[in-house]
Amino acid sequence: MARPNDEVGALLQEYADLVAITGGDAYRARVYEKAARSVAGYHADVSTLDAAGLRRIPNVGTSIADKIVAYFRTGHIDVVEELRAKIPAGVRELTAIPTLGPRKAMVLYDKRGISSVPELLAALDAGKLTGLKGFGPKTEENLRHGIELLQQIGSRVHINVAMEVAEGIVAELSAVTGCDRCTYAGSLRRMRETIGDIDILAASRHPQRLMETLTHLDAVSEVIAHGETKTSVRTTHGMQVDLRVVRPEAWGAALQYFTGSKPHNVRTREIAVRQKLKLSEYGLFEVGSGKLIVSKSEDEVYARLGLPWIPPPLREDRGEIEAALAGELPTLVTQRDIRGDLHTHTNLTDGVASLGEMVAAAAARGYSYYAITDHAPNLSMQRMTDEKMLAQRAEVRALEGRYGKLRLLHGTELNIDPDGEVDWGPEFLAGFDICVASVHSHFTQSRDEMTKRLLRACENPYVNIIGHPTGRLIGQRPPVEADLDAVFKACARTGTALEVNAFPDRLDLNDECVLRAKRYGVKFAIDTDAHAVAHLDMLRYGIGTAQRGWLTRDDVINTWPLRRLKAFLRKGRS
DNA sequence: GCCGTTTTCGGCCCGACTGTTTTCAGTCG
């Protein structure tokens with residue numbers, strides 16, 4: 001079952017879509033959309049709030065608050081049911097097709113009775129769309145193509161996949177003569193966990209050269225749009241890449257605009273409007289005279305709006321504008337703050353590099369400390385034994401001091417069994433410097449069982465970090481069902497850190513849970529869970545997720561000096 | 001339907017590109 005906030009958020013979003021499809025007031029649709037996001041991102045459980053409490057959520061007024069109250073009382077919202085009865089679910093699904101929005105979806109349903117993707121495909125094949133207003137030959141072709149893409153690709157890719165493509169393109173474009181600056185923007189710059197398309201921004205007085213270079217790259221399979229300042233292509237991986245070229249003096253305004261998010265930009269533009277200014281990708285202008293005020297750097301643009309520069313991972317309209325206005329933006333944790341990795345493997349279990357190779361790589365990264373945490377015996381396929389573990393500890397101790405200031409911690413990644421027990425008893429556990437504990441099986445326990453299981457692990461005085469706490473694999477396995485708020489509370493109380501696992505297909509906890517857990521006073525460990533030397537570089541994605549969760553250096557135990565870290569790892573034991 | 005440095009009504013972000021139009025609507029970001 002989804003968290004009540006997500007449930008209500010999804011319902012409000014559905015209502016917004018249905019209002020848009022039925023040609024309802026566009027502003028009303030927009031308000032429901034905003035409310036959907038506010039509710040989903042709100043820290044408190046909305047099912048526990050009364051109407052007055054609900055109205056304190058931004059963009060929720062009397063009408064929406066009453067609807068939410070009714071939803072929890074009756075299990076449904078009347079107006080949503082009414083529109084659902086009028087518009088089949090398939091019509092809303094049609095709008096997932098690129099170039100097909102709510103208006104056209106409604107025309108298809110109204111005039112041709114089409115209410116699903118297969119029906120649309122059949123209608124196209126049968127030529128049933130000819131003569132329909134707004135549906136010329138080119139539109140038909142676009143629809144076919146859109147359906148194909150939708151079926152082929154699904155939608156988004158893991159952030160590391162997009163990052164590699166983007167960094168490659170940025171490097172190619174940066175080398176073009178006349179290219180002043182070039183960088184990626186959009187959701188990639190905001191470090192979202194998955195990426196739909198890649199936004200590249202460049203500054204140049206010769207945009208055509210850059211456009212031409214992009215369209216002729218080997219990795220480009222199709223040119224979607226090709227204009228004066230904007231070109232969109234699709235790569236051979238199926239990713240869409242949008243390139244915008246602006247004049248160098250507009251760099252700051254353009255970067256701010258193309259970084260988004262859209263809701264964040266709506267907020268900054270509203271602030272501009274209130275000051276009789278107009279903000280666009282070309283700059284910040286005076287409304288009356290049209291005079292350009294600033295545009296060179298993001299810093300300038302935010303400053304003129306009365307705001308400090310806001311780090312991209314915060315730009316989601318999740319309270320960053322309010323925090324910025326109040327001078328309360330967090331100083332986000334950065335990769336430079338990280339003093340060591342606390343969850344890594346070697347070829348003693350399922351890693352591919354030796355202890356010596358991993359430790360040398362850690363030293364090369366300039367870490368102050370580094371934990372080796374191979375799997376414990378209950379993950380039986382890894383064939384761990386007490387003897388092997390103790391032998392590894394001796395090897396670790398022997399390496400100590402070999403790499404200058406690098407201190408080594410000998411640890412393990414325990415399995416949290418279905419009852420919440422772990423591999424060893426207190427005597428053996430006491431010999432480790434650090435213990436990560438993770439769920440590796442029985443992912444589909446009931447919510448109650450899973451909650452108890454995780455709580456019991458937190459209560460174990462030797463468990464320091466809950467590894468990849470929800471067990472999700474992005475696009476493959478859903479997060480476990482558990483009362484996460486109860487887990488967060490227990491972590492804060494017992495001095496158990498939650499992991500922000502940096503592996504791009506995990507990113508677990510995710511940004512929203514990190515933000516929620518932080519409110520309980522939980523501490524975090526940003527770890528790579530590296531199984532190979534190259535995996536140590538995945539840290540950047542964990543950092544991005546932590547930043548999106550508003551974490552500061554103080555929230556993250558592996559930014560702390562070793563002394564402070566060791567005190568935390570004792571977990572109140574004498 | 002929400003909200004208030006425009007405060008209980010009247011606003012609500014802005015621009016590029018496409019396709020089907022013959023002056024603009026729809027979609028997207």
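Naming convention: chains lettered A, B, ... in sequence-line order (proteins, then strands); numbering from 1 in each chain. Predicted model only: the values in this text are computed from it and were never measured.
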ask   = Is the shortest side-chain N/O distance from Lys133(A) to OP1 or OP2 of dT21(B) below 4.0 Å?
value = no
Identify the pairs formed between an N or O of the protein and an N or O of nucleotides 25-27 of chain B at a distance under 3.5 Å, and give each distance.
residue, atom, partner, partner atom, Å
dT27(B), OP1, Gly101(A), N, 2.8
dT27(B), OP1, Gly101(A), O, 3.1
dT27(B), OP1, Lys104(A), N, 2.9
dT27(B), OP2, Arg103(A), N, 3.2
dT27(B), O5', Gly101(A), N, 3.4

Listed partners of Asp66(A) passing salt bridge (charged side-chain N to carboxylate O under 4.0 Å, His left out), at least two apart = none
note = Sorted by number, residues from residues 75-90 of chain A placing a heavy atom under 4.0 Å from DNA chain B are none
inquiry  = Work out how far the P atom of dG29(B) is from that of dT22(B), and round it to whole angstrom.
reply    = 28 Å
Pairwise side-chain hydrogen bond (donor to acceptor under 3.5 Å, both in side chains) hits with a residue in residues 124-142 of chain A, at least two apart = Asp125(A)-Arg144(A)
task = To the nearest Å, give me how far apart OH (Tyr32(A)) and P (dC3(B)) are.
result = 12 Å
ask   = Taking atom P in both dC12(B) and dC17(B), what distance in whole Å separates the two?
value = 25 Å
message = Both conditions, 6.0 Å and 45 degrees, for the charged tip of Lys278(A) above the ring of Phe285(A): are they met here?
response = yes
query = Roughly, in whole Å, what's the span from CZ in Arg55(A) to C1' in dT8(B)?
reply = 15 Å
query = Taking the same atom, C1', in dG11(B) and in dT5(B), what whole-Å distance lies between them?
reply = 15 Å
request  = Kindly state each residue pair satisfying side-chain hydrogen bond (donor to acceptor under 3.5 Å, both in side chains) with at least one member in residues 85-97 of chain A, sequence neighbours excluded.
outcome  = Asp17(A)-Arg92(A)
ask   = Do other residues, nucleotides or ligands put more than 12 heavy atoms under 6.0 Å from the CD atom of Glu81(A)?
value = yes
ask   = If you find the nucleotide of DNA chain B closest to Gln275(A) and the one closest to Gly134(A), which residue's nucleotide is nearer the 5' end?
value = Gln275(A)
query = Which one, dC2(B), dG19(B), dG29(B), comes nearest to the side chain of Asp199(A)?
reply = dG29(B)
query = Just how far, in rounded Å, is P of dT18(B) from CG of Leu143(A)?
reply = 16 Å
message = Under the rule for side chain to side chain donor-acceptor pair (under 3.5 Å), what residues qualify as partners of Tyr541(A), not counting sequence neighbours?
response = none
ask   = Quick one: His145(A) NE2 to dT18(B) C1', roughly how many Å, whole number?
value = 14 Å
ask   = What residue pairs, at least two apart or across chains, pass ring-ring contact (aromatic ring centres under 6.0 Å, His included) with a residue in residues 24-55 of chain A?
value = Tyr15(A)-Tyr32(A)
inquiry  = Does Lys276(A) reach a base, just sugar-phosphate, or nothing at all? Heavy atoms under 4.0 Å.
reply    = nothing
Partner set under ring-ring contact (aromatic ring centres under 6.0 Å, His included) for His535(A), not counting sequence neighbours = Phe503(A)
ask   = Closer to the 5' end of DNA chain B via nearest nucleotide, is it Leu132(A) or Pro58(A)?
value = Pro58(A)
request  = Could you check how far CZ of Arg56(A) sits from P of dC2(B), rounded to whole Å?
outcome  = 16 Å
query = With a 3.5 Å cut-off and no angle check, do the side chains of Asp242(A) and Ser232(A) form a donor-acceptor pair?
reply = yes
ask   = Tyr15(A) OH to dC2(B) P: how many Å, rounded?
value = 11 Å
key: His76(A): partners by side chain to side chain donor-acceptor pair (under 3.5 Å), with sequence neighbours left out   = Asp78(A)
ask   = Do the numbers put Lys518(A) on top of the ring of Phe524(A), so that NZ or CZ is under 6.0 Å from the six-membered ring centre and no more than 45° off the axis?
value = no
ask   = Looking only at atom C1', what distance separates dC13(B) and dT8(B), rounded to whole Å?
value = 24 Å
request  = Provide the full list of side-chain hydrogen bond (donor to acceptor under 3.5 Å, both in side chains) pairs with a residue in residues 322-332 of chain A, sequence neighbours left out, each pair given once.
outcome  = Arg267(A)-Glu322(A)
inquiry  = Give me each pair satisfying side-chain hydrogen bond (donor to acceptor under 3.5 Å, both in side chains) with a member in residues 198-207 of chain A, each pair once, sequence neighbours excluded.
reply    = Arg205(A)-Glu249(A)
inquiry  = Work out how far the C1' atom of dT7(B) is from that of dC2(B), and round it to whole angstrom.
reply    = 13 Å
inquiry  = For a quick check, with a 4.0 angstrom heavy-atom cut-off, what is the B/S/- contact string for nucleotides 9-17 of chain B, read 5' to 3'?
reply    = ---BBBSSS
remark   = Scanning all shown strands, the Watson-Crick or wobble mate of dA16(B) with both distances under 3.5 Å is dT27(B)
message = Work out how far the C1' atom of dT20(B) is from that of dG26(B), and round it to whole angstrom.
response = 11 Å
note = From CG of Leu243(A) across to P of dG29(B) the rounded distance in Å is 16 Å
key: Distance in angstrom units between Glu33(A) CD and dC2(B) P, rounded   = 15 Å
